[in-house]
Amino acid sequence: GVRMRMEGREEMQGAVGLRCTWDIPPPAGTQAKWVRLNVGGTVFLTTRQTLCREQKSFLCRLCQGEELQSDRDETGAYLIDRDPTYFGPILNFLRHGKLVLDKDMAEEGILEEAEFYNIGPLIRIIKDRMEEKDYTVTQVPPKHVYRVLQCQEEELTQMVSTMSDGWRFEQLVNIGSSYNYGNEDQTEFLCVVSKELYNSPSGLSSEPSHKAKV
């Protein structure tokens with residue numbers, strides 16, 4: 001009978017010990033590792049570490065809880081009034097750094113959410129992807145534009161070195177001397193340069209054509 005009583009007492013002490021640790025609030029700065037987010041009615045479970053991958057994001061500030069007093073639902077999940085459809089890819093991006101989308105998911109929708117949550121790297125990735133898509137859809141083979149510039153021998157190096165962006169040097173034609181300054185013959189050259197113009201389907205060239213500086 002003595003042993004029974006002993007065991008009983010130990011159990012009691014164990015239970016009391018447990019209850020005490022719960023009553024003591026966790027030291028400042030340490031918060032539960034897991035975070036529940038209720039996004040537009042769908043609950044997502046993730047970790048504080050994941051949400052704080054992007055330090056400047058709304059989600060990081062939310063789970064640190066300093067600046068943002070967010071409402072919580074009855075389970076203690078943070079309530080966020082946004083579309084849950086696009087939240088999955090955003091959370092996954094914070095988990096592994098890649099943007100993975102279903103083929104029927106609009107990138108504009110993700111961009112909207114990435115901007116709301118203020119996730120800079122993700123915003124850049126989506127914008128790049130959208131531009132790439134536009135570019136492949138609208139690309140038309142380039143047209144070549146040629147220009148012929150006439151100049152004297154001494155102007156040649158300067159002209160080639162100051163040629164504006166996009167112009168490529170093609171050919172030089174010596175057309176002999178046409179001027180006679182005193183005893184010096186100035187040889188004249190024709191300089192042929194070319195440039196590629198990319199036309200978008202709307203007919204506007206995407207590259208403003210600069211005149212080559214002579």
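The figures that follow rest on heavy atoms only: side chains count, while hydrogens, waters and symmetry mates do not.
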Handout entry: Same cluster (ILVMFWY, side-chain, under 4.5 Å), L79 and I90
Key =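 No, separate clusters.
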Exercise for the section: Look at the side-chain heavy atoms of Ile, Leu, Val, Met, Phe, Trp and Tyr, link any pair under 4.5 Å apart, and say whether V43 and L45 land in one connected group. Expected result: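 Different clusters.
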Exercise for the section: State whether the number of non-hydrogen atoms from other residues, nucleotides or ligands found under 6.0 Å of E170 atom CD is greater than 12. Expected result: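 More than 12 within 6.0 Å, yes.
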Handout entry: Whether over 12 other heavy atoms sit under 6.0 Å from D81 CG
Key =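 Check fails, neighbour count at 12 or below.
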Between [X] and [Y], what is the shortest heavy-atom contact and its length?
X: S57; Y: L51; answer: OG-O, 3.8 Å
X: L37; Y: F87; answer: CD1-CZ, 3.5 Å
X: I126; Y: E107; answer: CG2-O, 3.7 Å
X: V193; Y: F169; answer: CG1-CA, 4.3 Å
X: L94; Y: T50; answer: CB-O, 3.6 Å

Roughly how far apart are [X] [atom1] and [Y] [atom2], rounded to 0.5 Å?
X: W167; Y: L149; atom1: CH2; atom2: CG; result: 8.0 Å
X: R72; Y: R36; atom1: CZ; atom2: CZ; result: 11.0 Å
X: I175; Y: F189; atom1: CD1; atom2: CZ; result: 9.5 Å
X: L91; Y: H96; atom1: CG; atom2: NE2; result: 9.0 Å

Within a strict 4.5 Å, meaning less than it, do heavy atoms of the [X] and [Y] side chains meet?
X: T42; Y: F44; answer: yes
X: N92; Y: V100; answer: no
X: T46; Y: L59; answer: no
X: C191; Y: L172; answer: yes
X: L62; Y: I80; answer: yes

Handout entry: Short side-chain to backbone donor-acceptor contact, R53 and R95, under 3.5 Å
Key =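 Judged by distance alone, yes, a pair lies under 3.5 Å.
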Handout entry: Donor-acceptor pair, side chain of Q55 and main chain of C52, under 3.5 angstrom
Key =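 Judged by distance alone, yes, a pair lies under 3.5 Å.
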Under 3.5 Å, which donor-acceptor pairs do the side chains of residues 109-123 form with other protein atoms, sequence neighbours left out?
| unit_1 | atom_1 | unit_2 | atom_2 | d |
| --- | --- | --- | --- | --- |
| E113 | OE1 | R82 | NE | 3.2 |
| E113 | OE2 | R82 | NH2 | 3.0 |
| N118 | ND2 | K56 | O | 3.1 |

